[in-house]
Amino acid sequence: MRSAHTKLKQGTRRQVGLSLIEIMISLTLGIIVLAGVTSVFTGNLATQSTISARAQIEQDVRAAMEYMARDIRRSGYYSGNQSTTVNPFQAELAVGNPSSCILYAYDTKKDGQITDDDKLGFRLSSNALQLRRKAANCDAPHSWENLTDVNTIIVKKLKFTINTVFCTDVTTELHVDCKGSVQKTNEVHVHTYDVKIELTAQLKADPSMSISSEQTVRIKNESVIRK
């Protein structure tokens, strides 16, 4: 009886613990599983980072385009009586040289008087989108304010193009199309303009992350030109 009990006890002892080979196999399998999990986790982080980066630059470019479009659309607004007074704000609309700068004006205070505060614009300078202040020229070193952060976004291209969409000769009661014609003395022409805006920007941290946007803005206030 004791012999049988001893054999049973010895058999039980042989079931306790793992051999060195079994431990090594277990560790190898664990490392493989851990490597797989780490790879998936790292891949998910990289994907999420790329998505976040693209969302950031898309949002910033969209906001910049909407800001420019909304403000340029108001170009030439005049609170005075245009039927009896020449609109002093209309003549300010112009694209500079280079075409990465646009200047314009509108009656911000609604007082009918044009001042330096009414003269606005946008330009590309040192890879930043800038807003005009104090009636500065396109090449002025100062009086321009950054609208984009160069530590985050690098603006590579900004281009403005002004196109005459409609031209109407209103000198007589019979209004006729005057687009392409030469204005003569005592004629009154009414012009409708479009401004095309082209913008390209990239992330400073990842230059491969780039986005381009294009928008055409119809100037709400028609330009009346008298000879």
Side-chain angles (χ1 to χ4, degrees), residues 53-80 86-164 191 193-223 225:
R54 176 159 290 279
Q56 177 186 350
I57 192 171
E58 286 180 349
Q59 179 179 351
D60 289 345
V61 168
R62 187 185 309 114
M65 288 291 288
E66 288 303 318
Y67 184 88
M68 288 189 289
R70 184 173 62 251
D71 211 57
I72 291 173
R73 189 175 287 116
R74 302 176 66 183
S75 173
Y77 167 71
Y78 178 43
S79 62
V86 174
N87 182 347
F89 299 89
Q90 291 175 337
E92 294 294 322
L93 179 62
V95 171
N97 186 17
S99 58
S100 58
C101 176
I102 188 171
L103 307 177
Y104 58 94
Y106 59 84
D107 199 351
T108 59
K109 296 180 289 296
K110 299 181 180 181
D111 58 2
Q113 302 296 319
I114 186 169
T115 65
D116 285 352
D117 292 335
D118 299 319
K119 297 179 180 181
L120 305 167
F122 299 99
R123 77 173 181 181
L124 172 61
S125 179
S126 300
N127 296 123
L129 171 63
Q130 295 185 332
L131 175 65
R132 182 190 189 194
R133 298 294 189 191
K134 299 180 181 179
N137 295 326
C138 284
D139 56 355
H142 305 294
S143 300
W144 288 83
E145 176 185 342
N146 281 6
L147 291 178
T148 56
D149 183 3
V150 293
N151 294 316
T152 304
I153 290 181
I154 302 298
V155 180
K156 302 297 293 183
K157 176 185 177 181
L158 180 63
K159 182 179 180 181
F160 300 99
T161 307
I162 299 176
N163 296 307
T164 301
H191 291 254
Y193 296 112
D194 276 353
V195 176
K196 183 180 179 181
I197 310 172
E198 300 172 69
L199 176 65
T200 299
Q202 65 186 34
L203 284 179
K204 183 176 182 180
D206 184 5
S208 66
M209 192 67 66
S210 176
I211 186 171
S212 297
S213 182
E214 181 180 306
Q215 186 171 346
T216 299
V217 181
R218 175 66 52 84
I219 302 296
K220 287 186 175 181
N221 304 284
E222 296 175 327
S223 179
I225 301 176

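What you are looking at is a predicted structure, and each value in this text was computed from that prediction instead of being measured.
- Side chain of D107 to main chain of D111: a donor-acceptor pair is present (N/O by atom type, distance under 3.5 Å, no hydrogens or angles).
- Contact record, S79 with G112: OG-N, 3.1 Å, taken as the closest heavy-atom pair.
- Each ring pair (Phe, Tyr, Trp, His ring centres under 6.0 Å) pair with one or both residues in residues 115-143, not counting sequence neighbours, appears once here: Y67-F122.
- Within 6.0 Å of NZ on K196 lie no more than 12 heavy atoms contributed by other residues, nucleotides or ligands.
- Contact record, H191 with T164: ND1-CG2, 3.6 Å, taken as the closest heavy-atom pair.
- Note that CZ of F89 is 9.5 Å distant from NZ of K119, once rounded to the nearest 0.5 Å.
- Listed here is the closest heavy atom pair of Y77 and N221: N-ND2, 3.3 Å.
- Taking the salt bridge (Lys or Arg N to Asp or Glu O under 4.0 Å) definition, one finds that K110 meets it with nothing, sequence neighbours left out.
- Once rounded to the nearest 0.5 Å, the distance linking CD of E198 with OG of S100 reads 12.0 Å.
- Side chains of L199 and V61 form a contact here, defined as non-hydrogen atoms less than 4.5 Å apart.
- Going from atom CD1 of I162 over to atom OG of S99 covers 10.5 Å, rounded to the nearest 0.5 Å.
- From M68, atom CE reaches atom CG of L129 across 5.0 Å, with rounding to the nearest 0.5 Å.
- When all heavy atoms of I197 and M65 are compared, the closest pair comes out as O-CE, 3.7 Å.
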Which atom pairs, donor and acceptor, lie under 3.5 Å between side-chain atoms of residues 203-219 and protein residues at least two apart or in another chain?
unit_1	atom_1	unit_2	atom_2	d
D206	OD1	S208	N	3.3
D206	OD1	S208	OG	2.5
D206	OD2	S208	OG	3.4
S210	OG	A201	O	3.3
S212	OG	T200	OG1	2.9
R218	NE	D194	OD1	2.3
R218	NH2	D194	OD2	3.3

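- Side-chain contact between Q90 and S223 is present, with heavy atoms from C-beta onward closer than 4.5 Å.
- Checking side-chain atoms of N146 against main-chain N and O of Q130 turns up no donor-acceptor pair under 3.5 Å.
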In sequence, state the C-alpha distance, the side-chain angles, and the governing distance for F160 and I72, and then conclude on side chain to side chain contact (heavy atoms under 4.5 Å, CB included). CA-CA 11 Å; F160 300 99; I72 291 173; 4.0 Å; yes
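- The backbone N or O of L120 sits less than 3.5 Å from a side-chain atom of R132, completing a donor-acceptor pair.
- Of the listed residues (D118, L103, I114), just one forms a side chain to side chain contact (heavy atoms under 4.5 Å, CB included) with E92, and that residue is I114.
- How far CD of Q202 is from NZ of K156: 5.0 Å, rounded to the nearest 0.5 Å.
- Atom-to-atom distance recorded for T161:OG1 and Y193:OH is 14.5 Å, nearest 0.5 angstrom.
- R123 and L158 make their closest contact through C-CD2, 3.6 Å (heavy atoms, listed as atom of the first residue, atom of the second, distance).
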Does the side chain to side chain contact (heavy atoms under 4.5 Å, CB included) test come out yes or no for S126 and W144, once each step is laid out? CA-CA 12 Å; S126 300; W144 288 83; over 6 Å; no
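- A donor-acceptor pair is defined here as one N or O able to donate and one able to accept, closer than 3.5 Å; no such pair exists between the side chain of N127 and the backbone of V150.
- R74 CZ: 12 or fewer foreign heavy atoms inside a 6.0 Å radius.
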